[in-house]
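Every chain is numbered from 1 and lettered A, B, ... according to where its sequence line falls, protein lines coming before strand lines.
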Amino acid sequence: MRKPPPPELRRVPKSSRRDEAFRKTIRQIPKGKVATYAQVAAAAGYPLYHRQVAQLLRTAPTGSLPWQRVVGAGGAIKLKYEAALEQRTRLEMEGVRFRGKRIDMAEHQHRFKGWEFD
DNA sequence: ATCCTGACCCAAG
DNA sequence: GCTTGGGCCAGGA
């Protein structure tokens, strides 16, 4: 029969598939472009899971993802306080322009390959 | 199992 | 423009 797996490898969270799809999708966003939480979720094959995209970004190891390129609908920064400023600064450093408080999406929206709706 | 919370979204008003 | 309520989903207490 099957041996009990060692503690480290045992019971991978079953959300790991989804999270992996999210990570892969997020890494596709090039410098100077952005995508919304909902767009990332949908492009990864999980429409309606935008909140989980945020959850992932929250818990992701720093440096593992270009987190600054994921924004709220309409190009809004959803972080608060200083974190919001950091995201804005990082994006501006990549050449992203803002119109008031929101990102100019007409210019910086990333289109995922094979996505049916712009 | 229930309750609460969150880097969400959107239609209304 | 901005605020609100309801809808959505998973993780932690």
Below 3.5 Å, can you tabulate the donor-acceptor pairs from side chains in residues 22-32 of chain A to any protein atom, sequence neighbours excluded?
from	atom 1	to	atom 2	distance (Å)
A:Arg23	NE	A:Glu20	OE1	3.1
A:Arg23	NH2	A:Glu20	OE1	3.3
A:Thr25	OG1	A:Ala21	O	2.8
A:Arg27	NH1	A:Ser64	O	3.1

Could you name each residue pair satisfying salt bridge (Lys or Arg N to Asp or Glu O under 4.0 Å) that touches residues 61-70 of chain A, not counting sequence neighbours? A:Arg69-A:Glu94

Mind checking if A:Tyr49 touches a base, just sugar-phosphate, or nothing, with heavy atoms under 4.0 Å? sugar-phosphate

Would you mind reading off the distance between [X] atom [atom1] and [N] atom [atom2], rounded to a whole angstrom?
{"X": "A:Gln55", "N": "C:dA10", "atom1": "CD", "atom2": "P", "result": "9 Å"}
{"X": "A:Lys101", "N": "C:dT3", "atom1": "NZ", "atom2": "C1'", "result": "16 Å"}
{"X": "A:Phe22", "N": "C:dA10", "atom1": "CZ", "atom2": "C1'", "result": "11 Å"}

A:Leu85 reachable from A:Ile103 in the ILVMFWY side-chain graph, under 4.5 Å edges: no

How would you list, by chain and number, every residue that makes a ring-ring contact (aromatic ring centres under 6.0 Å, His included) with A:His108, sequence neighbours excluded? none

Think A:Arg18 has a side-chain N or O under 4.0 angstrom from the OP1 or OP2 of C:dA10? yes

Restricting to salt bridge (charged side-chain N to carboxylate O under 4.0 Å, His left out), what partner residues turn up for A:Arg99, sequence neighbours left out? A:Asp104

Of all residues at least two apart in sequence or in a different chain, which pass the salt bridge (charged side-chain N to carboxylate O under 4.0 Å, His left out) check with A:Arg88? A:Glu92

Kindly state which residues belonging to residues 67-83 of chain A come within less than 4.0 angstrom of DNA chain B, counting heavy atoms of the residue only, listed by number. A:Trp67, A:Gly72, A:Ala73, A:Lys78, A:Leu79

Polar pairs (N or O, both sides) under 3.5 Å between protein and nucleotides 6-8 of chain C?
from	atom 1	to	atom 2	distance (Å)
C:dC8	O2	A:Arg51	NH1	2.8
C:dC8	N3	A:Arg51	NH1	2.8

Can you list every pair that meets ring-ring contact (aromatic ring centres under 6.0 Å, His included) and has a residue in residues 48-71 of chain A, with sequence neighbours left out? A:Tyr46-A:Tyr49

A:Glu86: which residues meet the side-chain hydrogen bond (donor to acceptor under 3.5 Å, both in side chains) condition with it, sequence neighbours left out? A:Arg90

